[in-house]
Amino acid sequence: MRRTFQYLFFFAVTAFLAVFLLLPVWTVIETGSKPGLIAEIFRNRIYVEGLLNSFAVAVVTTSGVFVISLVLALIYDRFDFPGKELCNVLMLVPMILPPFVGALGFQQLLGHYGVLNTLLDALGFARIDFLGGQGKFWSVCAIEMLHLYPIFYLNLVTALGNIDPALDESAANLGAGRLRRFFLIRLPLMRPGILAGGSIVLVWSFTELGTPLMLGYTRVTPVQILNGLTELESNPLPYTLVLIMLAVSCLMYLVSRMVFGGHAATSAKGSMGSSAKKLRSWKRFAAIGAFLAVTCAAATPHVMLVLCAFSRRFYNTLLPRGFTLDYFDSALSTALVLPSIMNSLRYSVLAMVIASAAGILIALASCRWRLKGAVAADLLAMLPLAVPGVVIAFGFLSMSVKYAWAHAFFNPVENPLWLLATAYAVRRIPYVVRAVTSGLEQTPEELENAARNFGAGPLRVLAKVTLPLIAANILVGGLFAFSFSMLEVSDSLILAQKARFYPITRALYELSQILGSGPGIACAFGVWAMFFLAATLAAAGIMLGRKIGSIFKF
Amino acid sequence: MAEVRIRGIVKSYTSGVPVLKGVDLDIRPGELFFLLGPSGCGKSTLLRILAGLVKPDGGSISFDGTDIGSLPPEKRHAAMVFQNYALWPHMDVFENVAFGLKTSGVRGRELKEKVMEALELVRLADFARRRVPALSGGQQQRVALARALAVQPALLLLDEPLSNLDARLRDAMRSEIRRICSLRNLTALYVTHDRQEALSMADRIGVMHGGLIREMGDPEELYNFPRSRFCAQFLGDVNIIDGSVRDGSLMTPFGTFKLNGKAGPGCVAGIRPERIRIVEPGRPGSFEAVLEERVFSGDTCDWTFRVGEQRLFVRESAPESRRIGATYHLAFEPDFLLALTDADGE
């Protein structure tokens, strides 16, 4: 491929990112950055409380996730025990359900007449209001922790896997004890993993919309932004809230980078192979137990969701009384459900195609073509990981209000197909870029040089050598783009405004708000979503193995 | 087979450090030419420039008088055997070897015949449908060679192809490559840092250092009569003798030797260890030396002697038993004295 064509493709994809990532963010900044509005936000106690609550949720969630992930990652890296690889796969369990759907299961578990309170009551204790007052805060944190720890865990496992065992051994050889080696050798070398995983979890939990919304925890900024949408034309404060949320997210990322960035000195693993120690007797059961305990806790909302979906009555009892398929039946006959599945499929397939095309081009430009500006474009493509979904969704909405061309093309009221597909795609590009980049980095360039040396032109090299060699990575990136789009929350809640255009998640939310059988139908629908995402992640896990962590990296 | 002419090739990488400083080289048709030099001397860069994988900053390259400098890699007909073989893991052996032929439009029966012919040449005809990762290092190396031979290149480029093999396999592959190049009458450029490989296989050797070819010649000529201290030391062990060169003679602690007009200003003298003999006392031209050390290497033995401040290494095949600390007599033919420019090649 001639250089001109490479630059042409590169320009197209950069322009795409500029229009559909930077412009929405800029629109929000431009509208929301008036000093008067910012001052008004900080004068308003409700908004300040929302920001503080969101920040507190982020800090508590990230700290909890760090502790859980670190313990499990160290056990995985340091020890060999039966079922180790299965334990690693189990770590992905929470990923198969958006926390927002998991909240349905948690309500069943923690509600006033839920399983836990029924148990307390049966044991003679007073019922606790887990989902009321301050309990909401801790419930939101717990749900997010149990959903987000795999991201941190995968990053830590990858970082630990990159540490040459000889570095630890040489410290031991010089007399350093276990703790000293951990704090002076392993922990500093794990910093890239801590930064990558921690930043995502911090920003994610700070901007999470679905979970607090489902639990009725409204004093957090993302929910306040969503609530402000209805009066957007008369009240521009949501723009400013979005802007402040973006600024705080960036600040949190920068602070993390200062603390955990610097010279992230990972080194290639030596030829000695794994230094994992074989555990014997009760210790191996303790190792398995640690993984199982966390997995069971994380799987609780899933189990509850499944039980709710199949139960005839599950109220003030420990287990459902009678099972039924009525909710699944009702789900199929509910006007919202089938169209929402079809809508989600349309939006997500389109999003997958857009994200894959853009992601592959960016990865090629930076890893192979080495075009000027490709590194900047690669960073730009990673931006959606740092920019909250609410911000991008809100930016799209404001773009469609502000620009006539965007209004014509992306009218959320008329037909949000392109709007949602593009919004989904932009937010999933990082997964494709990282997956494809990881494939390209692991594929020696010499294989492509050899093909050129044997007479193949650049296009033939791309078609016959490069793409087949990274096909699994492209597939994984595409799968992630597709499945996460299917269960995307922020864009769906903000951008899908008419019932006939609702995607699955919006339909789930609407169903859960219907009194009577609504939550049951929502649970049945959630079960379907859960199995769908599980299948995707299992496929990706099989294809990428331990390297699956590289997908969730900055 | 092509005649290759390289003129004034210069190349610097982004750091600004020059890698090649104006390389001139002619490779004759049907010749197996070796570029020999230490790591970082620029030999692989020159090879990749010939293949079109690296763009030079200046200079010209022609095959049979045709300038190919502006051609992309796929148009050069310079097939390369990569150091790590660069076999495509998603294709089997047959598909790897067939790749180059397919790109040049060969199909059907002709394709199969040519692929099998190349595989037979490297004795891997039975492995055609094997997956590449299932092959041993030596087999992969031979597939890489077959892939390069199948396209009947104008120039065969070999980038340290034996460096990943164990010693026995390396020896076997040396004669295999030599045999195939002679059989096909190929023009080949072979890059290595292994002097044994170069000396045992090459028609001619160019010794590279610091981005330039410092000396060039056939293996015997280069080994026996190197002009520079660097070349002498890179091609084998050599004793550098303390002394001064004056009026074409070398004055040393153990005698004065005529250098037969070989010495110029700034020269040092050297002699290969195997050229020094341990002789009976009283032999004309012999001198006394004290035995200090012995290193036994199986087929040879290296003795370290001291003559005043000068240490001399002597290599003997079929060595006798000798006593460390005893005095012996050493001698050499003055004709084997090397007059070496005292430059390190820079």
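Below, all heavy atoms of this structure are taken into account, side chains as well, without hydrogens, waters or symmetry copies. A note on names: the letters A, B, ... follow the listed sequences, proteins ahead of strands, and every chain is numbered from 1.
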Partners passing ring-ring contact (aromatic ring centres under 6.0 Å, His included) against Phe33(B) (at least two apart in sequence or in another chain):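 Residues passing ring-ring contact (aromatic ring centres under 6.0 Å, His included) with Phe33(B): none at all.
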Top contributor to chain A contacts, counting heavy-atom pairs under 4.5 Å, from Gly100(B), Pro72(B), Gly52(B), Ala144(B):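 If we count pairs closer than 4.5 Å to chain A, Gly100(B) comes out on top.
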Nearest heavy-atom neighbours spanning Ala79(B) and Phe454(A):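 Residues Ala79(B) and Phe454(A), closest heavy atoms: CB-CE2, 3.7 Å.
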Produce the donor-acceptor pair table for chain A versus chain B, cut-off under 3.5 Å.
| from | atom 1 | to | atom 2 | distance (Å) |
| --- | --- | --- | --- | --- |
| Glu446(A) | OE1 | Arg48(B) | NH1 | 3.4 |
| Glu446(A) | OE1 | Arg48(B) | NH2 | 2.9 |
| Glu446(A) | OE2 | Arg48(B) | NH1 | 2.9 |
| Leu447(A) | O | Trp88(B) | NE1 | 2.6 |
| Arg452(A) | O | Glu74(B) | N | 3.3 |
| Arg452(A) | NE | Glu74(B) | OE1 | 3.1 |
| Arg452(A) | NH2 | Glu74(B) | OE1 | 2.6 |
| Arg452(A) | NH2 | Glu74(B) | OE2 | 3.0 |
| Asn453(A) | OD1 | Met80(B) | N | 2.6 |
| Asn453(A) | ND2 | Ala78(B) | O | 2.6 |
| Phe454(A) | O | Thr103(B) | OG1 | 2.8 |
| Lys464(A) | O | His90(B) | NE2 | 2.9 |

Side chain, backbone, both or neither of Leu87(B) within contact of chain A (heavy atoms, under 4.5 Å):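 Leu87(B) touches chain A through backbone heavy atoms alone.
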Side chain, backbone, both or neither of Ala148(B) within contact of chain A (heavy atoms, under 4.5 Å):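 When you check distances to chain A, atoms from both the backbone and side chain of Ala148(B) fall under 4.5 Å.
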